[in-house]
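So that the names make sense, note that chain A is the first sequence line, chain B the second, and so on, each numbered from 1. Note that the coordinates shown come from a computational prediction; the quantities given were computed from them, not determined experimentally.
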There are 2 protein chains.
Amino acid sequence: MRWEIVCFVGVLAIVLAEDNYLFETKYIDVPLDHFSFAQDTKFQLRYLINDTYHEDRGPIFFYTGNEGDIKNFAKNTGFMYDIAPTFSALLVFVEHRYYGESLPFGNQSYSSIDKLGYLSSQQALADFVYVIEALQEQYAHNQKNLPVIAFGGSYGGMLSSWIRMKYPSSVLGAIASSAPIWQLGGLTSCEIFNRITTSVYASFGTDKCTNGITNVWKTIRSFTKTAEGKANLTSTWNLCSPIKTDDDINQLIDWAAELIVNMAMVNYPYPTNFLADLPAYPVREFCNRLNSHKLNGDYDLLVAVVDGLGVYTNYTKTAKCNNINVTSPSLSDNGWNFQSCTDMIMPMCSQSSDMFENANWDFAEFSDTCYKQFKVRPRNLNVPLLEYGGKDIEAASNIVFSNGLLDPWSGGGVLRNINDRVRSIIIPDGAHHYDLRGKNDLDTEDVKYARNFHVRKIKEWLREYYSDPQVNLIKK
Amino acid sequence: MRWEIVCFVGVLAIVLAEDNYLFETKYIDVPLDHFSFAQDTKFQLRYLINDTYHEDRGPIFFYTGNEGDIKNFAKNTGFMYDIAPTFSALLVFVEHRYYGESLPFGNQSYSSIDKLGYLSSQQALADFVYVIEALQEQYAHNQKNLPVIAFGGSYGGMLSSWIRMKYPSSVLGAIASSAPIWQLGGLTSCEIFNRITTSVYASFGTDKCTNGITNVWKTIRSFTKTAEGKANLTSTWNLCSPIKTDDDINQLIDWAAELIVNMAMVNYPYPTNFLADLPAYPVREFCNRLNSHKLNGDYDLLVAVVDGLGVYTNYTKTAKCNNINVTSPSLSDNGWNFQSCTDMIMPMCSQSSDMFENANWDFAEFSDTCYKQFKVRPRNLNVPLLEYGGKDIEAASNIVFSNGLLDPWSGGGVLRNINDRVRSIIIPDGAHHYDLRGKNDLDTEDVKYARNFHVRKIKEWLREYYSDPQVNLIKK
């Protein structure tokens, strides 16, 4: 089932080797349940803080953590560091409950639904508000609260837009990068995600490349019908464990598809190691490799595709074999799968218009899978829409939604201005939350424009917030 | 402790004898916990519906139920019935969880914190959103959702303003009558409530009346120091049970003070039976009675005050004696006391500037009382402010806050315009959510003006919402 293998970049993030972005690690006790009083448990939420640039009444730049270790997001959100001096901003990155070290029940947090059940976006937003309150107590010095600007990419971007919508007194404005809030609950056609991925490969490769991917799935299935074929593919693809069953083959296909999707998401113009060690424009590199092969039959195609996948799996030439259970060294998508089953339901499917195996969106089947895995069923497709407004977000203000058109998630993003105060900015050549990354000599003009747009909007919001004498806190 | 005896009108409401306002009673299953997934319990929420006036694309007028039986609110919110024909509106009144018949665990709902803990304003708002969704499925006929206008008085008014703030895609606008959202968390000085009550008695009576009330408390205490005095007061005040202990005397004083407050709240210009059978302007009647006595000593004052209280306790001359455990036949303030301890914390106190016994607001003592009664402590005074924004509600839109200046709760109300779309309307001579009552020949010009203001605002919101051809749904 396709929905399972589609993960946000966040889930897959690995720790950057470089430590350009410094922070201090702190913890705060937050209530397990912000909305009921049936029990009074608290747990430790982790957050990262850097007050190097902060002066007196400067704003709080607040990253609303994703479904993963918050350190990875701090290290891959250099934009906040880049602009902090301009605003004399306090930098804070708050971990999302049930990820990283912020586990309410330690290593038992995922053990049963009565423990895992407090993983929800609403509870996470309330955690963030709780942290903001604590920061205000510490940094506002009993004066008017410091203005808070939320930042987030991907699911974190959804959260940053929602925290502004739901808690506007805590958060003045939000930069929501690559936030597919309209991927929820069937607001966007389920096939868009895979169709965009396909078009990214078409743009950076050729028809030969997308045709190769389109054909490889049935080639894998026919090639592995026999035990001999399975052994042959295991060897050709240098798999760590031999494929033996139909489940293994499904797993192999999911793994390869996810790598192909991931390369589209992080198709940045310079080498990165966010998901894996990757060259600039990994999609182009993948297609270059695939296209370099002559395709005279099934076997040739299999060789060509695994050569392409090597861009992702072994760019540093240190991997010994391909482990189809791992798409990123720190993969931990259990939490996100749970959220997909509960309040972040995002229907996904593949059709003949994309290069992936056909797969329908089947709510009943989806529900069964959720129940099997978590003993929970999605209550209703509409749940996230009722909570966050679906497409009707006219009442919101002070939000920038940015989307790269080369990002598969952009299909579920907000690609038009909602009103004067909820603006959309498009990065035509951008991948997944590219604009939140630190500046780079190879940055495109499109992303520079988007970042300038963000800065301009933040200045507007802050100018309104500050009384006149304080406006000069914005240095440039 | 004064906070305990201050109840919203809602808590005290009794069923109107008249049945001018018709409805059908329905039930809907709603999740016990909208924000977590630790358990999947549902329970039956009651709502009342009247579709007599509803046509095709007409709006839903949605009463966000208070801390009491929803039928009483339907019967005392005639304004919605009065204007429904103009708007072709569907009328819906939804009960608040844990009140009336909407008890998640039946008669065990209040038995322990693990059951009672799901009583919270946030859960109630989510219930309402859930009901709206069900109504849309039934009445919008797969077209664009019908516009929903929320109405509420007192705590119900707070909820109606908050449902617009938190769920603007579900609710287009809100008429929040006598909604003391700034009584929360210490945003308003704790003594304002009692000071306003005092000024109401000063306006409708004389200094003699307010001085009488001011003096009666210490008179009661000194008069009842002896057993003989206790017996004498029991007899003079025609109490159903003799007062014997200091606790009895505290109880007597709380009871008398609450009756005095209640008369200010429902000091309407015509006879009502919302809290009790009462004449027009019960405060004036109280003071007239008190003032008719010559006050030549303690005993005279006690006689005068109990004569005044008779306006409330025995206007129909059918009561046999005064029961100091009851301030209204259907009193059931357990739920509200719980909410006061958790998410609706409203500091209250009495000082020498008002006519009540002095009482400080003491958070520690308050917390102890909460723990004793419910095994729960208020988490933090700021909790409701973080959730609902406190005084910073600039980001909101399409809300009218109406307040009668003769209403003790108006001190915690929104008495100024917040922005172009969050408006305040003052009813100088109005008591507690007077404007939501059905029209009456004795209505004041002030309340008529407020009701017209509401209608004008609702029309503005609806005109924006409807596409042009549908505007004529608004008939006048």
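- Residue with the most contacts toward chain A among Lys115(B), Gln122(B), Arg164(B): Gln122(B) (heavy-atom pairs, distance under 4.5 Å).
- Contacts of residues 382-394 of chain A with chain B at a heavy-atom distance below 4.5 Å involve Asn382(A), Leu385(A), Leu386(A), Glu387(A), Gly389(A), Asp392(A), listed in sequence order.
- Taking Thr342(A), Asp114(A), Asp40(A) one by one and counting their heavy-atom pairs under 4.5 Å with chain B, the maximum is reached by Thr342(A).
- Both the backbone and the side chain of Ile113(A) come within contact range of chain B, each with at least one heavy atom under 4.5 Å from a heavy atom of that chain.
- For the side-chain contact (heavy atoms from CB on, under 4.5 Å) test, residues two or more places apart in sequence or in another chain that qualify with Ser109(B) are Tyr98(B), Leu103(B), Pro104(B), Phe105(B).
- In plain terms, the two heavy atoms of Gln39(B) and Arg379(A) that are nearest each other are O-NH2, 3.6 Å.
- Atom OH of Tyr371(B) has 12 or fewer neighbouring heavy atoms from other residues, nucleotides or ligands inside a 6.0 Å radius.
- Proximity to chain B (any heavy atom under 4.5 Å) is shown, for Arg377(A), by neither the backbone nor the side chain.
- With sequence neighbours excluded, no residue forms a ring pair (Phe, Tyr, Trp, His ring centres under 6.0 Å) with Tyr47(A).
- What you find for Phe37(A) and Leu119(B) is that their closest heavy atoms are CD1-O, 4.1 Å.
- Most heavy-atom pairs under 4.5 Å with chain A: of the set Tyr118(B), Tyr167(B), Phe374(B), this distinction falls to Tyr167(B).
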Donor-acceptor contacts under 3.5 Å from residues 29-36 of chain B side chains, at least two apart:
| residue | atom | partner | partner atom | Å |
| --- | --- | --- | --- | --- |
| Asp33(B) | OD1 | Phe35(B) | N | 2.9 |
| Asp33(B) | OD1 | Ser36(B) | N | 3.2 |
| Asp33(B) | OD1 | Gln123(B) | NE2 | 3.1 |
| His34(B) | NE2 | Pro31(B) | O | 3.4 |
| His34(B) | NE2 | Asp127(B) | N | 3.4 |
| His34(B) | NE2 | Asp127(B) | OD1 | 2.6 |
| Ser36(B) | OG | Gln123(A) | NE2 | 2.8 |

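- Only the side chain of Phe338(A) comes within contact range of chain B, judged by heavy atoms closer than 4.5 Å.
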